[in-house]
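Here's the structure, in structure tokens; my notes come after.
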Amino acid sequence: MSEPRTYPNYIDGEWVFSDRLFENVNPADSDDRVGLFCKANQADVNVAAEAAQEAFPAWASLTGPARGAYLYKVADFLERNLDTLAREMTREEGKTLPEAKGETMRSINIFRYFAGEGSRIPGIQVPSERDRVFMYAVRRPLGVVAQINPWNFPSAIPAWKLAPALVAGNTVLVKPATAAPLCAWRLAEACHEAGIPKGVVNLICGSGGEVGDAMVNAEPVKAVSFTGSVPVGQALHSQASARRLRIQLEMGGKNPTIVLADADMDKAVANTINAAMFSTGQKCTATSRVIVENSIHDEFLARVVEATGKLKVGNGLHGGVQIGPAIDHDQLQTNDSYCRLAEEEGAKLECGGHVLSEGEYAKGHFFQPTVFSEVTEDMRIAQEEVFGPVLGVMRAANFEDCMRIANKTDFGLSASIQTRDVSRIFEYVNRIEAGLITVNLPSAGVEYQLPFGGSKESSFGPKEQGPVALEFYTDYKTVYLGY
């Protein structure tokens, strides 16, 4: 078997190799070595940060439409390589090939959307109380921003951080997750091929403890955007606050789907399965709790269990596969340990719940799609994020009971309701404690044109995506002009 390709870091417009390497392996097949990646250190981060600082004035001085023109070229490069990029995503992250193609296309659309924002960056102009005074405020970029990305959407999340930062005029340090760095590497390659000036985009691979900390502490850095776990986000918040950096955190979720008695049963089951199981449950917006009105609980449970049992688990490159592997052995063990804990606490295992390790599953991190019933609101499986294909079905007396259970969590990212009752829909929309709300749709599956983010422990700082994404990456300069 040939040695896998070595992928360097991208610093100051150059591809920078090092002897320190880490391996990227297909989570569905341990024999498939996706690549070797150069591991950066604090010195590399400092060089990248200084390069970004030096590149900032010239990049910021370009007009918004001129910066947007570069982003259109990035999107065009990604689109020309769509099939290759999707296949690479499946190999390194595990999601099915159709899901990977969809995510890659979403990244393309994100770059095009924010390219257009270069011509629309809004300011404020208002009349003065004084005669012959013209007042206005314009958005200006912050400077060097650091972006720390997760592995579960290894192209779309770096894209929705990188594109608005660039079109606003910032220069950027990008750290991909070590579990899935190739997709972000391809974004840096696209920026290079698009001719974005050196130093504007820098890609630095390595561990969060070494590279992430170095990025937050690099002197030129003015802001940090992070997506990942709550404990890491809290630690970054403390570090960034000590330096008075602007910080944006997107963290966990424990997302409910409420199913009322009048719901379209077929759609409710399909939407729940989609949100809970697809992408192997490795979405921060995935449904992990489904709260069902008592009168239809038994029928709904039976149908969800039946549908879950029919899902095909396997290598995402193979046709017909619906559920890929967990990202790594640690996540696989997390899925398993939460299932054992749920049984100890009294939940009833209805289907799945175990590691798959025989035959075609022997070389990957595969877990059975899982449904528990008799889950109560104080169980850990009802309160803590699993990040796997594990669904807890909870019984509720009525709509008010559904709402109480749904809001009884420290998280507040996404939530869904399945009902035909318009009054209940508006009650739910007004009272649910979540930032992303869906009605008769899965809780997972958002678009880039609207704000993304949650409440409570799920998020901190300005929202991502849509036109409001520019709020985090810009500040106002206010002008009073007498004439």
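Here, residue 1 is the first one in the sequence, and each next residue gets the next number.
- Of the charged side-chain nitrogens involved, at least one lies within less than 4.0 Å of a carboxylate oxygen, so that Asp298 and Arg395 count as a salt-bridged pair.
- Taken from CD in Glu23 to OG in Ser30, the straight-line distance is 10.0 Å, to the nearest 0.5 Å.
- Within the 3.5 Å criterion, the main-chain N or O of Pro462 finds a donor-acceptor partner in the side chain of Gln248.
- For the pair Cys339/Leu349, no side-chain contact is recorded, criterion being any heavy-atom separation below 4.5 Å from C-beta on.
- Once rounded to the nearest 0.5 Å, the distance linking CE of Met105 with CG of Leu82 reads 6.5 Å.
- Ring centroids of Phe472 and Trp160 are separated by 6.0 Å or more, keeping the two rings apart.
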Would you check, one step at a time, whether the test side-chain hydrogen bond (donor to acceptor under 3.5 Å, both in side chains) holds for Ser455 with Glu433?
-> CA-CA 7 Å; Ser455 61; Glu433 295 170 1; over 6 Å; no

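- In this structure a side-chain-to-backbone donor-acceptor pair under 3.5 Å is present from Gln368 to His354.
- One N or O on the side chain of Tyr361 and one on the backbone of Val313 form a donor-acceptor pair closer than 3.5 Å.
- For Glu293, the salt bridge (Lys or Arg N to Asp or Glu O under 4.0 Å) test picks out no residue, with sequence neighbours left out.
- Using a 4.0 Å cut-off between charged side-chain N and carboxylate O, Glu377 and Arg289 make no salt bridge.
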Test log, rule side chain to side chain contact (heavy atoms under 4.5 Å, CB included), inputs Ser207 and Phe22 = CA-CA 10 Å; Ser207 70; Phe22 65 93; over 6 Å; no

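- Using a distance-only test at 3.5 Å, with no hydrogens or angles considered, a donor-acceptor pair links the side chain of Asp262 to the main chain of Arg420.
- The residue from Thr438, Thr257, Asn255 that alone fulfils the side chain to side chain donor-acceptor pair (under 3.5 Å) condition with Ser414 is Asn255.
- In this structure, NZ on Lys161 lies 11.5 Å from CD1 on Ile110, to the nearest 0.5 angstrom.
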List the steps and the verdict of side chain to side chain contact (heavy atoms under 4.5 Å, CB included) for Thr419 and Ile425.
-> CA-CA 7 Å; Thr419 182; Ile425 288 170; 3.6 Å; yes

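- Here Thr280 contributes atom OG1 and Gln322 contributes atom CD; the two are 11.0 Å apart, rounded to the nearest 0.5 Å.
- One N or O on the side chain of Tyr428 and one on the backbone of Ser416 form a donor-acceptor pair closer than 3.5 Å.
- Using a 4.5 Å cut-off on side-chain heavy atoms (C-beta onward), Ile432 and Asn407 make contact.
- Judged purely by atom type and a 3.5 angstrom limit, Ser458 uses its side chain to pair as donor or acceptor with the backbone of Gly252.
- The side-chain heavy atoms of Gln282 and Gln331, taken from C-beta on, include a pair separated by under 4.5 Å.
- Shown here for Ile327 and His365, the closest heavy-atom pair between the two residues is O-CD2, 4.0 Å.
- Using a 4.0 Å cut-off between charged nitrogen and carboxylate oxygen, Arg340 and Glu343 count as a salt-bridge pair.
- Counting heavy atoms from C-beta outward, Phe153 and Glu99 have side chains that stay 4.5 Å or more apart.
- Between Glu360 and Lys312 there is a salt bridge, since at least one side-chain N of the basic residue sits less than 4.0 Å from a carboxylate O of the acidic one.
- Distance alone, capped at 3.5 Å, is enough to place a donor-acceptor pair between the Ser337 side chain and the Thr334 backbone.
- No salt bridge links Arg87 with Asp83; every basic N to acidic carboxylate O contact stays at or beyond 4.0 Å.
- Within the 3.5 Å criterion, the main-chain N or O of Phe452 finds no donor-acceptor partner in the side chain of Gln465.
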In sequence, state the C-alpha distance, the side-chain angles, and the governing distance for Gln418 and Asp264, and then conclude on side chain to side chain contact (heavy atoms under 4.5 Å, CB included).
-> CA-CA 7 Å; Gln418 313 292 312; Asp264 181 317; over 6 Å; no

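- Taking both residues in full, the closest heavy atoms of Ala326 and Asn335 are given as CB-ND2, 4.2 Å, listed atom of the first, atom of the second, then distance.
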Tell me, with the steps shown, if Arg404 and Glu400 meet salt bridge (charged side-chain N to carboxylate O under 4.0 Å, His left out).
-> CA-CA 6 Å; Arg404 181 188 62 79; Glu400 288 299 326; over 6 Å; no

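- Taking OH of Tyr7 as the start and CG of Leu36 as the end, the distance is 9.5 Å to the nearest 0.5 Å.
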Trace of the side-chain hydrogen bond (donor to acceptor under 3.5 Å, both in side chains) decision for Thr409 with Lys254 | CA-CA 7 Å; Thr409 174; Lys254 194 64 186 172; over 6 Å; no

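- The minimum heavy-atom distance between Pro158 and Leu187, with the atom names listed, is CB-CD1, 3.6 Å.
- Taking a cutoff of 4.0 Å between a charged side-chain nitrogen and a carboxylate oxygen, Arg303 and Glu299 qualify as a salt bridge.
- Counting heavy atoms from C-beta outward, Glu385 and Ser288 have side chains that stay 4.5 Å or more apart.
- Closest approach of Arg33 and Pro4 over heavy atoms only: NH1-CD, 3.5 Å.
- Considering only heavy atoms from C-beta on, Ile417 comes within 4.5 Å of Leu260 through its side chain.
- Counting heavy atoms of neighbouring residues, nucleotides and ligands inside a 6.0 Å radius, atom CD of Gln234 exceeds 12 of them.
- Between the side chain of Ser443 and the backbone N or O of Thr285 there is at least one donor-acceptor pair closer than 3.5 Å.
- Ring-plane geometry between Phe387 and Trp151 is classed as perpendicular, the angle between the planes exceeding 60 degrees on a 0 to 90 degree scale with a lower cut at 30.
- Every pair passing side chain to side chain donor-acceptor pair (under 3.5 Å) that includes a residue from residues 103-118 is listed here, sequence neighbours excluded: Asp76-Arg112, Glu79-Arg112, Lys95-Glu103, Ser107-Ser155, Glu117-Arg120.
- When each of Asp29, Asp31, Asp32 is tested with Lys363 by the rule salt bridge (charged side-chain N to carboxylate O under 4.0 Å, His left out), just one qualifies, namely Asp31.
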Salt bridge (charged side-chain N to carboxylate O under 4.0 Å, His left out) between Lys408 and Asp378, worked out = CA-CA 9 Å; Lys408 189 179 178 181; Asp378 293 320; 3.0 Å; yes

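- Between Glu344 and Arg380 there is no salt bridge, since no side-chain nitrogen of the basic residue lies less than 4.0 Å from a carboxylate oxygen of the acidic one.
- A donor-acceptor pair is defined here as one N or O able to donate and one able to accept, closer than 3.5 Å; no such pair exists between the side chain of Arg67 and the backbone of Asn170.
- For Phe37 against Cys205, the heavy-atom pair with the smallest separation is CD2-SG, 4.3 Å.
- Annotation: side chain of Tyr70 is not in contact with side chain of Val74 (no heavy-atom distance under 4.5 Å).
- Side-chain contact between Val216 and Ile247 is absent, with no heavy atoms from C-beta onward closer than 4.5 Å.
- Here the CD-OG1 distance, from Glu345 to Thr376, works out to 7.5 Å after rounding to the nearest 0.5 Å.
- What you find for Phe411 and Lys456 is that their closest heavy atoms are O-CE, 3.0 Å.
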Determine, stepwise, if the pair Cys284 / Thr227 fulfils side chain to side chain contact (heavy atoms under 4.5 Å, CB included).
-> CA-CA 10 Å; Cys284 56; Thr227 299; 5.8 Å; no

